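Take a look at the structure set out below.
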Amino acid sequence: MKKGVTSLGRFLIEEQRRFPEATGDFTLILEQIAFAAKIISREVNKAGLINILGKAYSVNVHGEEQQKLDVYANQKMIEALDHIGKVCAMASEEEDDVIHVPDRYPKGKYVVVFDPLDGSSNIDVNISIGTIFGIYKRVSEGENGCEKDFLQKGRKLVGAGYVIYGSSTMFVYSTGNGVSGFTLDPSVGEFLLSHPNIKIPEKGKIYSINEANYHRWDEKIRKYVEYIKNLEERQYTSRYIGSLVADFHRNLLKGGVFLYPGDSKNPKGKLRLLYEANPLAYIVEQAGGLATDGEQMILDIQPESLHQKTPLIIGSKWEVETYLKFMRGEA
Ligand SMILES: O=P(O)(O)OC[C@H]1O[C@](O)(COP(=O)(O)O)[C@@H](O)[C@@H]1O
Ligand SMILES: [Mg+2]
Ligand SMILES: [Mg+2]
């Protein structure tokens, strides 16, 4: 489909045509997430003017201070999805427990996980932030419950993506048929196809890791990072924003690797499996890259709890495969 003139809505309809049995439920969920993203983007863009910067003076389940925009984005995601009759329940970084659809609304056959605003620490300094989401089909029966539906492996995702609020706002998603990127044209209020069929280069030149944690890394991780930095055939450069979505998006387009490994202080790293690692792992695999925790592919990890953390090494195939070789002691 044509770049610049194909709206996300139109693209979704075309995608749905591939499945004659499709009911449109799933498409509506994606449309609603894109709608919430436009509202969040609007607030992000004028955040300095409307008293929405700064702390909300509350902490989330991880003990992290919530920002006002974290709370706002969380609310908008829930409001966009809770009444449409297609979702059974949601799980968010900002909520301790599963968010049930209120009884007054019908429940649907999907569950949605999200990090409503990723990279919160960058909000007040005008650096790119994002929203990450994943969609699963329910596996449990009955009107209530749905808890079990969240503990599915990332391989079972039926769709996932992210929105980046950067120098432009972009919506990037996959439903298992490649990765497509749309840029928000604020003058018409639509996401327009700008990056069809995104493929991550097989090798890159960027590595992204918080090197302040160096002294806490295992020897194998240190060796890998030194190896990458000193590679003779390719001069790598270090780029680390501290906003997962932004770091990931750059590396997806340019090639390279993002690492948030476990360390002596945080053996499982910092990032959350369900609503950070899994959706991005799904995207990267669809784009031809890989994502691992150092032992297994991220999408093969069996989740045990909503907010569990995982080491995340994600990006171009060569860099991630090389990391695995270092972990296995083969390099
Ligand atoms: O400051 P650190 O330890 O390098 O961590 C940065 C990471 O933390 C995060 O900000 C966590 O996400 P949230 O802002 O959603 O909590 C990631 O976006 C980022 O990759
Ligand atoms: Mg996050
Ligand atoms: Mg967040």
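Just so it is clear, the model here is predicted, and its values are computed rather than measured. Atoms within a ligand are numbered from 1 in the order they appear, just like the ligands themselves.
- Classification of Glu43 and Lys68 as a salt-bridged pair fails, no side-chain N sitting under 4.0 Å from a carboxylate O.
- With salt bridges taken as basic N to acidic carboxylate O contacts below 4.0 Å, one links Glu211 and Lys229.
- The pair Arg17-Glu14 meets the salt-bridge criterion, with a side-chain N (NZ, NE, NH1 or NH2) lying under 4.0 Å from an Asp/Glu carboxylate O.
- The aromatic rings of Tyr323 and Tyr224 sit perpendicular, their planes meeting at an angle over 60°, well past the 30° parallel limit.
- Counting only protein N, O or S atoms, the number found under 2.8 Å from the Mg ion (ligand 3) is 3.
- Listed as neighbours of ligand 1 are Glu64, Glu93, Asp115, Leu117, Asp118, Gly119, Ser120, Asn210, Tyr240, Gly242, Ser243, Leu244, Phe258, Tyr260, Lys270, Leu271, Arg272, Glu276, each bearing a heavy atom under 4.0 Å from the ligand.
- Note on Glu276: its N/O/S atom closest to the Mg ion (ligand 2) is OE2.
- For Lys205, there are no salt bridge (Lys or Arg N to Asp or Glu O under 4.0 Å) partners, not counting sequence neighbours.
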>> Would Phe182 and Phe191 count as a ring-ring contact (aromatic ring centres under 6.0 Å, His included) here? Give the steps.
In response: CA-CA 5 Å; Phe182 298 78; Phe191 282 107; 7.5 Å; no
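- Atom NZ of Lys199 has more than 12 neighbouring heavy atoms from other residues, nucleotides or ligands inside a 6.0 Å radius.
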Just distance, no hydrogens or angles: give the donor-acceptor pairs under 3.5 Å from side chains in residues 18-25, sequence neighbours left out.
| unit_1 | atom_1 | unit_2 | atom_2 | d |
| --- | --- | --- | --- | --- |
| Thr23 | OG1 | Asp25 | N | 3.3 |
| Thr23 | OG1 | Asp25 | OD1 | 3.1 |
| Asp25 | OD1 | Lys86 | NZ | 3.4 |
| Asp25 | OD2 | Lys109 | NZ | 3.1 |

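- Here the closest heavy-atom approach between residue Lys309 and residue Lys268 is recorded as O-CD, 3.6 Å.
- Using a 4.0 Å cut-off between a side-chain N of Lys or Arg and a carboxylate O of Asp or Glu, Asp247 and Arg239 do not qualify as a salt bridge.
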